[in-house]
Amino acid sequence: DEPTWATDVRFETAGGRVAAASEIDANVAEWTRGQDGLALQERLQAAGVPAGIVQTGEDLAERDPQLAALGFLRETDDEHPDFGHMPLDALPLHFSRTPAGPYTAVRKLGADNVAVLGEWIAMAEADVHAQEQGGALK
């Protein structure tokens, strides 16, 4: 959009830009404030400027074209007891003979207490449940 500060002779050299870094930052912040981040990123990249937005989790999950193309987020094959089906980050590599998966919901905290404590320290199931009821285990 050729703002006047973009043609300021003080910014023509690296030294000039370093000396005026805070002024340049303020100008860029003001210039970008009212613009759509993704649209501006595309415009700048098309002009040869390496640019990218600072993405939120929502941006990454719902709008990042690279992650979408890689199939980075995949729905779980089963349901989480509290959240239902949910996307999980997946290995963004795809092998023809060794596919990754299945993608299952994250287990609830304490869901494996009986199995783990029984295997590791031979704790009886009744004792595990007693410790859970007493608040020592979640």
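- Contact between N113 and E132 at its shortest, heavy atoms only, is ND2-OE2, 2.8 Å.
- We find that R17 and E12 are not joined by a salt bridge, their nearest charged nitrogen and carboxylate oxygen being 4.0 Å or further apart.
- Here CG of L73 is found 9.5 Å from CD of E62. Values are rounded to the nearest 0.5 Å.
- Rounded to the nearest 0.5 Å, atoms CZ (R107) and NE2 (H80) are 9.5 Å apart.
- Both W31 and F11 belong to a common hydrophobic cluster when Ile, Leu, Val, Met, Phe, Trp and Tyr are linked at side-chain heavy-atom distances under 4.5 angstrom.
- Hydrophobic clustering places V28 together with V49 (ILVMFWY residues linked when any side-chain heavy atoms are closer than 4.5 Å, directly or through intermediates).
- Side-chain contact, D59 with T56: a donor N or O sits under 3.5 Å from an acceptor N or O.
- To the nearest 0.5 Å, the span separating CD1 on I121 from CG on D127 amounts to 9.5 Å.
- Scanning both residues, Q45 and A51, for their nearest heavy atoms gives NE2-O, 2.6 Å.
- For the atom pair CD of Q131 and CG of L137, the computed distance is 6.0 Å after rounding to the nearest 0.5 Å.
- Neither V128 nor L109 shares a network with the other; the hydrophobic side chains, linked directly or stepwise wherever heavy atoms of I, L, V, M, F, W or Y lie under 4.5 Å apart, form separate groups for each.
- Here the rule is side-chain contact (heavy atoms from CB on, under 4.5 Å) with D36, and of L38, T32, L40 only L38 fits it.
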| request: Could you give me the CA-CA distance, side-chain angles and deciding distance for R43 and Q35, then say whether side chain to side chain contact (heavy atoms under 4.5 Å, CB included) is met? | output: CA-CA 11 Å; R43 266 182 55 210; Q35 300 189 47; 3.3 Å; yes
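- Taking hydrophobic clusters as Ile, Leu, Val, Met, Phe, Trp and Tyr residues chained together by side-chain heavy-atom distances below 4.5 Å, M123 shares a cluster with V116.
- Without hydrogens or angle criteria, N27 side chain to W5 main chain gives no donor-acceptor distance under 3.5 Å.
- Between Q41 atom CD and Q55 atom CD the span is 7.0 Å, to the nearest 0.5 Å.
- Remark: side-chain polar atoms of D112 are not paired, donor with acceptor, to backbone N or O of A115 under 3.5 angstrom.
- A chain of hydrophobic side-chain contacts below 4.5 Å, direct or via other Ile, Leu, Val, Met, Phe, Trp or Tyr residues, connects W120 to V114.
- Not a single donor-acceptor pair under 3.5 Å links the side chain of T98 to the backbone N or O of F95.
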